[in-house]
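So the structure is just underneath, and the comments pick up after that.
For the numbers below, each heavy atom of this structure counts, side chains included, while hydrogens, waters and symmetry mates do not. Naming convention: chains lettered A, B, ... in sequence-line order (proteins, then strands); numbering from 1 in each chain.
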Amino acid sequence: MGNNKLREEIIKLIFDITGTDIKRDRGKISSIEWSNVDSLMVLEIAAGLEKKYKIEIKEEDLPKLVTIDNTVALLERLIKEKREKQKGIKKTKSHRKPLKRKLIK
Amino acid sequence: MKTHFSFKEIKELLPYDFPFLLIDKVIEIVKDKRIICIKNVTGNEIYFLGHFKEEAVMPGVLIIEALAQAALFLIKYGQNRKRHGYLLGSINKMRFFKPVLPGDQMIIEVKIIKVLGNSALVAGYVTVDEKIVAKGELIFIKTKKSNSSNVR
């Protein structure tokens with residue numbers, strides 16, 4: 001997933017939660033803290049991101065969810081970690097297969 | 001582990017009493033995950049005196065309150081209840097699909113979606129005769145003391 005696509009998706013999700021007009025306010029939020037987000041909305045944003053990208057946001061990552069740039073960076077890291085974890089599982093499975101065939105022969 | 005709680009046990013854990021305790025029984029609970037409660041709505045409920053004058057309909061805000069009380073029981077269950085109180089911080093995506101009337105049995109289901117820091121996001125729905133009558137999300141905020149009148 002490209003950085004820009006991810007950024008757009010995150011912006012949309014955040015505006016869905018905060019209820020602000022995406023077209024009107026997009027310019028305001030580039031890398032500055034968004035103004036009308038309180039701690040309750042941060043929890044909603046975290047839960048929304050977790051559900052959408054099937055990741056887990058930990059408590060220490062919460063302060064990062066206050067700017068778009070930091071949120072995109074965090075999401076990229078978490079998605080990458082998730083993919084690597086999945087690849088790791090697949091690798092171990094594929095390694096087992098030839099071993100089984102050998103045993104059968 | 002215990003999964004059923006009587007009206008008396010609910011009263012011991014939650015800081016509510018007549019006419020505001022809106023849970024009759026807990027029929028299933030999984031700690032830190034989900035809870036299912038029952039509220040039997042009778043024609044003698046005190047709020048039916050005025051809601052409405054001509055026809056008794058359970059107020060939607062009290063259905064939210066029943067969800068909040070179920071959620072609070074789930075959050076408080078197994079915790080040190082004397083140290084913390086909880087405030088309702090936000091009501092999100094609340095929808096009401098059917099009126100709740102005298103004689104209905106509300107099955108209230110709540111599950112914890114995410115707990116971060118001092119806040120907890122829960123989602124819940126209420127069914128009557130296996131049909132959803134209301135659903136939505138609530139956010140609770142943990143406070144230090146539970147003896148304030150405003151704190152749940």
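- Atoms CD and NZ, from E56(A) and K114(B) in turn, are 5.5 Å apart once rounded to the nearest 0.5 Å.
- Both Y47(B) and I108(B) are part of a single hydrophobic cluster, where members link through side-chain heavy atoms under 4.5 Å apart.
- Of the residues N118(B), V115(B), I139(B), I113(B), the one that meets the side-chain contact (heavy atoms from CB on, under 4.5 Å) test with L43(A) is I139(B).
- In this structure, chain B has a heavy atom under 4.5 Å from the side chain of L62(A), while its backbone stays farther away.
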Exercise for review: Show your working on side chain to side chain contact (heavy atoms under 4.5 Å, CB included) between E44(A) and S90(B) and close with a plain yes or no.
Suggested key: CA-CA 10 Å; E44(A) 279 180 71; S90(B) 176; 4.2 Å; yes
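- In terms of heavy-atom proximity, K58(A) sits nearest to L116(B) at C-CD2, 4.2 Å.
- In the hydrophobic clustering of this structure, Y77(B) groups with L72(B); members are Ile, Leu, Val, Met, Phe, Trp, Tyr whose side-chain heavy atoms approach within less than 4.5 Å, directly or through other members.
- Side-chain heavy atoms closer than 4.5 Å link hydrophobic residues (I, L, V, M, F, W, Y) into clusters, and following such links, even through other members, never connects I107(B) to L101(B).
- Atom CD of E60(A) is surrounded by more than 12 heavy atoms from other residues, nucleotides or ligands within 6.0 Å.
- For F48(B), the CZ atom counts as densely surrounded, since its 6.0 Å shell holds more than 12 non-hydrogen atoms of other residues, nucleotides or ligands.
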